[in-house]
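Shown next, in structure tokens, is the structure this report addresses.
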Amino acid sequence: IAAQFGKDEL
Amino acid sequence: MNVFRLSGDVAHLIAIIILLLKIWTSRSCAGISGKSQILFAVTFVARYLDLFTNYVSIYNSVMKIVYLLASFGTVYLMYMKFKATYDHNHDTFRLEFLILPAIALSLIINHDFAVIEVFWTFSIYLESVAILPQLFMVSKTGEAESITSHYLFALGSYRALYIVNWIYRYYMEGFYDMIATLAGIVQTVLYCDFFYLYITKVLKGKKLQLPA
């Protein structure tokens with residue numbers, strides 16, 4: 001998955 | 001959320017707190033690059049524009065607010081409250097050399113050409129090089145106070161732990177983000193020389209002093 005652009009990370 | 005990611009966030013938080021405490025208790029920001037601190041504040045603003053549009057978790061929102069407040073607090077202490085102690089003669093890195101390429105690159109290489117996405121990408125590129133004015137300042141003066149080197153070590157550990165987190169997430173969740181990962185690797189590599197000096201000198205009780 002080229003995921004949701006790492007937006008759950010800080 | 002995994003243990004590497006959490007440790008990375010905690011290391012980041014510790015770095016920010018070390019810096020604030022150092023400035024507050026010594027009433028001085030000598031040896032600290034205000035330019036790097038401005039870049040970190042810009043990074044946080046650009047990245048956390050989604051604070052009110054993209055809810056992830058309480059943890060996520062609280063940490064974003066803490067990082068924002070702390071970075072603005074640091075800039076305030078350096079440029080207002082303890083301005084007299086700011087070592088601007090040694091803080092001469094040209095910010096446009098970092099900001100302009102980060103803007104250009106974020107417009108060219110991004111996941112999606114949308115406003116919030118480009119700002120996020122810009123923040124990732126800018127953060128990866130934001131420490132350069134600080135490292136430049138240390139190399140210019142040839143030394144750093146040990147508290148400054150603890151700060152840099154915690155800050156470098158944060159990105160190194162994030163890399164371990166990305167490896168873990170790739171294998172466990174099939175998750176990857178090429179932009180964040182490549183920029184994160186660049187960011188971590190910038191700290192390598194410093195890590196070496198920190199381990200061989202500061203941890204043995206010596207001052208961080210560059211070879212003449």
Side-chain angles (χ1 to χ4, degrees), chain A, chain B residues 1-2 4-6 8-13 16 43-44 47-51 53-57 59-68 110-112 114 116-121 123-124 127 158-159 161-163 165-166 168-170 172-184:
Chain A
I1 318 160
Q4 280 307 320
F5 311 148
K7 297 302 188 293
D8 59 324
E9 295 182 342
L10 296 161
Chain B
M1 175 67 81
N2 58 65
F4 307 111
R5 157 75 201 286
L6 183 63
D9 288 349
V10 170
H12 197 181
L13 197 58
I16 292 170
T43 288
F44 287 136
R47 187 170 311 165
Y48 300 155
L49 286 177
D50 69 352
L51 187 58
T53 59
N54 176 34
Y55 178 79
V56 177
S57 64
Y59 170 83
N60 192 277
S61 301
V62 169
M63 290 294 263
K64 282 175 175 172
I65 293 167
V66 170
Y67 288 161
L68 280 167
N110 52 54
H111 290 305
D112 181 19
I116 289 221
E117 191 59 38
V118 170
F119 270 104
W120 179 85
T121 312
S123 83
I124 293 289
E127 186 193 351
Y158 140 65
R159 248 350 189 195
L161 284 161
Y162 256 70
I163 292 178
N165 154 61
W166 290 322
Y168 177 90
R169 290 190 74 175
Y170 179 73
M172 302 311 267
E173 304 165 20
F175 169 98
Y176 67 92
D177 184 318
M178 218 28 109
I179 289 178
T181 307
L182 289 179

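Heavy atoms only: backbone and side chains are in, while hydrogens, waters and symmetry mates are out. Reminder, nothing fancy here: chain letters follow the sequence lines and each chain counts from 1.
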Practice task
With sequence neighbours left out, write down each residue that passes side-chain contact (heavy atoms from CB on, under 4.5 Å) with B:Tyr168, or none if nothing qualifies.
Solution key: B:Asn2, B:Phe4, B:Met172
Handout entry: B:Asn60, part contacting chain A, at a heavy-atom distance under 4.5 Å
Key = both
Exercise for the section: Answer with side chain, backbone, both or neither: which region of B:Tyr48 has an atom nearer than 4.5 Å to a non-hydrogen atom of chain A? Expected result: side chain
Handout entry: Closest contact, heavy atoms only, B:Val56 versus A:Lys7
Key = CG2-O, 3.8 Å
Practice task
Could you tell me which residues satisfy side-chain contact (heavy atoms from CB on, under 4.5 Å) with B:Thr181, sequence neighbours excluded, listed by chain and number?
Solution key: B:Trp166, B:Ile185
Problem - Verdict with supporting geometry, B:Met1 and A:Asp8, side-chain contact (heavy atoms from CB on, under 4.5 Å) - result: CA-CA 9 Å; B:Met1 175 67 81; A:Asp8 59 324; over 6 Å; no
Practice task
Would you mind checking which part of B:Phe44 comes under 4.5 Å of any heavy atom in chain A, side chain (CB onward), backbone (N, CA, C, O), both or neither?
Solution key: neither
Exercise for the section: Might you confirm whether atom CE of B:Met178 has over 12 heavy atoms from other residues, nucleotides or ligands at distances under 6.0 Å? Expected result: no
Problem - Greater than 12 external heavy atoms within 6.0 Å of B:Tyr59's OH - result: yes
Problem - Salt bridge flag under 4.0 Å for residues A:Glu9 and B:Arg47 - result: no
